[in-house]
Amino acid sequence: MDKLVLIDGNSIAFRAFYALPLLTNGKGVHTNAVYGFTMMLMKVLEEEKPTHMLVAFDAGRITFRHSDYQEYKGTRAQTPAELSEQLPLIREVLDAFGIRHFEAEGYEADDIIGTLAKSAEEKGMNALIVTGDKDLLQLVTDRVTLLLTRKGVTEGERYDREAVWKKYQLTPAQIVDLKGLMGDASDNIPGIPGVGEKTALKLLHRFGSVEEVLDKVDELTGKLRERVKEHGRQARMSKDLATIYCDVPLGFSVEDTRYEGYDRGRVASIFEQLEFKSLLERIGGEESGTGTPRKLREVEVHIVEPEDRDRWNDFLESSFLSLWLETDGENYHRAEIIGLALSDGETHLYVPWRTAREWEALRRFLADEGREKTAFDGKRLRVVLERQGFDVNGLTFDALLASYLLDPSESGHSLSDMVKRKMDGSLPSDEEVYGKGAKRRLPGEKELAEHLARKAEALKRLDPLLREEVRETGMESLLFETELPLSQVLARMELHGVRVDRDRLLDLGEELKEQAEALTRQIYELAGAEFNINSPKQLAEILYDKLGLPVLKKTKTGYSTSADVLEKLASQHEIVEKILHYRQIMKLISTYVEGLLKEIDPKSGKIHTRFNQTITATGRLSSTEPNLQNIPIRLEEGRRIRQVFVPSEAGWQILSADYSQIELRVLAHLSGDESLKRAFSEDMDIHTKTAMDVFGVPEDEVTSLMRRQAKAVNFGIIYGISDYGLSQNLNIPRKVAAQFIDRYFRSYPGVKEYMDRVVEQARKDGYVTTMLNRRRYLPEIRSRNYNRRSFAERTAMNTPIQGSAADIIKTAMVRLHREMEKRRVQSRMLLQVHDELIFEVPEEELEEMKSLVRSVMEQAVPLSVPLKVDIHTGQTWYEAK
DNA sequence: GGCATCACG
DNA sequence: ACGTACGTGATGCCG
């Protein structure tokens, strides 16, 4: 009989950590949790003799801002660093034992365990769950038992159905009802206030479930009846929260967790590292099977030398080929080409650049629209090859874009990641082949050729898999009609670049440096000491210790000196505003003057940014090296940086076209709220209109403060409103913020309904979508952790809005580019800044372009409210305002 | 390499 | 009962 052992990794590590003294090995590494965990592991292996085994961990969301830290400070103690640093070591031990371990973004370890226990049972296996967490009792069945650790980790109590009954007189399925009623402070589950374990058990013994208790609430008496009535919804929600989710998409099956015994050598080696002497003795001299080395798919690669390239001319005509381009640096505007790899799935070619550069058949192949190629990062491919004078056409598929659309939140879309995710295979990462940091170098040509051939081959095999997934998820049109053509538009924009007036930038820099010096002198004077103003730590010392200003906010590492704090302190000491000003000037110097100077191509005097099309979770673009999407505008001093962005031809103009209130218009469309739609149909000033509704005054009584506050409310709505967030932003009490929000929703009930609907939908489907069916998964919307769940809920509200706005401008870009080619204008699209497009335009095309840009942008997609575009022109980006 | 800060939409 | 606005990228400091 097969037996699956499932270990709750975090729970056991946690128990082990607190059960054992804080051991340290000779190198100063804490090892107590690793030691305890390993003890437990070996005991389980010996006593249970599992045929299958898996250790589940909670996935830490790295991008989850600082909320993790702050929240853990609240209800439970933060995971001590001495423990979290041991978790990777535990994983290493598991690897040495050949035991599979797993974590899934947005799911907790118990969800993974529940999923596997359920599927083991369906396959007729027995399962044993090892944990320190009573919640998992709900998973017990005839075939699933629970080993609950007590005192330490090597002793435990075994729970089957009988044992659960004996302890609570409940079935395992009722454990969630128990939680629903009594709650759980450590998991932020509220339950019914005033109902503890005793009352909850009493209620369940009488009624059986939360639902029954609520149905028959009238049979209760006194205070209890009131409490149950009042908090009924909350109890239902609490039960939901306590319910372990048993359908986690794992990407593997129970069979894949087979445990084959461990390699003594590997285990001994890690025990030696950790200095586990007694455990080393315990594994003794007995030999066990060796681990299997990772097998790579065999590929045979032909290296095409210049003299024999004509032999391969026919191959280029053969069939649908994948195309891989290898370059030497991250920034492809400066990178050198190493070579190309091509594959038809059977035959793989490596074409070193020395061969490729003068191969006419290859040149024709690349340029021919009719010769379809499947590629990875077609934008990069096109930029790099066009820089070398090659035309590139016929890129009809892009695995990078497909992978991004399939899951835009995924952090890695490297080919190696995709092979792992989509084909259960493995491809050596570039880091493994090239090394990293200072050690980075090219391997010998044979090894290089094999590596690249593997990539081309993998790309060829990925093509149909990704196409199918894109089709299944309804994103074919988004991929083929928007993202793929957009990538080629972006390639053109990047290649063309933006002209920068270097002398003007240098002058601005000089001016700013003088200001910075003057401010530095004044700050030293006022502080009575010289210090590094750029160091938040030293600055905090001066402000809070030396000058005795009150501490209004702390950061993880010390006292906060952020602008919002300093603004509140400005009235108390004149040094504060000098510091704020200094910061502003320094930002301009370092990021915008010096930063931009470094990016000017000395040959052309232009800046070539890269638009990243596969980074954001919402579908927006981002821009790097340099980021041209965050050039200052809000403050005049910074705005002057825009004076250096000029047309590349004498006498041309910069034309800027921006969508007016695109996100709120999208919201009006998506929600269908009549009042909001009317406001836009009548082309009202939306913040004034909101102020009228929220403050209940006629238009002529809206003060500038009211409008400012209403504007913040509108932002809040787009971001997924919370009273706390709004109160922080406006610096007003939370109660007042809550009032604003309440009045907003009463004025725009359709918006409220929409927000509720989209959150509900996300909860049901696990994802939200945009107007063009772009998808974003939000697994954490089902999290039992309040913070994670709330974050996911706000994201569910924001993503369709931000993402649909991104869809709209992307559509406009593709159509505009086409239209501009068709009309053979000289004008060029230069930049996109989320709701704005920047062009350079010859004088004689100015009127045509204004009208073309406006009409294409406004008609990009049909909405139930009009889209409005404002257009400005000028000699520089600064003047196009 | 993580953190704090700040530039943009 | 809980603590937060949504999405990015670049910089300087500091361990």
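Small disclaimer: the values here were computed from a predicted structure and weren't measured. Below, chain A is the first sequence line, B the second, and so on; all start at residue 1.
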Which nucleotide wins on minimum distance to the side chain of [X], given the candidates [options]?
X	options	answer
A/K598	C/dT11, B/dG9, B/dC8	C/dT11
A/I721	C/dT4, C/dA5, B/dA4	C/dA5
A/S722	C/dT4, C/dA5, C/dG15	C/dT4

Would you say whether A/Y786 stacks on C/dC2? The test is a distance between ring centres of less than 5.5 Å and an angle between planes of less than 30°.
-> no
Let me know the distance between CD1 of A/I533 and P of B/dT5, rounded to the nearest Å.
-> 15 Å
Rounded to whole angstroms, how far apart are NE2 on A/H834 and P on C/dT8?
-> 10 Å
Mutual orientation of the aromatic rings belonging to A/F715 and A/H687 [parallel < 30°, tilted 30-60°, perpendicular > 60°] = parallel
So what does [X] touch, heavy atoms closer than 4.0 Å: a base, only the sugar-phosphate, or nothing?
X	value
A/T799	nothing
A/N532	sugar-phosphate
A/E663	nothing
A/Q728	nothing
A/I631	sugar-phosphate
A/A617	sugar-phosphate
A/N627	sugar-phosphate

Listing time: all N or O pairs from protein to nucleotides 1-3 of chain B that are below 3.5 Å?
none

Under 3.5 Å, is there a donor on one side chain and an acceptor on the other for [X] and [Y]?
X	Y	result
A/R642	A/S656	no
A/E494	A/Y332	yes
A/S660	A/D658	no
A/Q629	A/Q832	yes
A/S783	A/N785	no

Is there a Watson-Crick or G-U wobble partner for B/dC8 with both distances under 3.5 Å, and which nucleotide is it?
-> C/dG7
For residues 576-589 of chain A, which residues have at least one heavy atom under 4.0 Å from DNA chain C?
-> A/K587
Expressed in whole Å, how much space separates the P atoms belonging to C/dT4 and B/dT5?
-> 15 Å
Row check, A/Y878 ring normal vs A/K881 NZ/CZ: under 6.0 Å, within 45° | yes
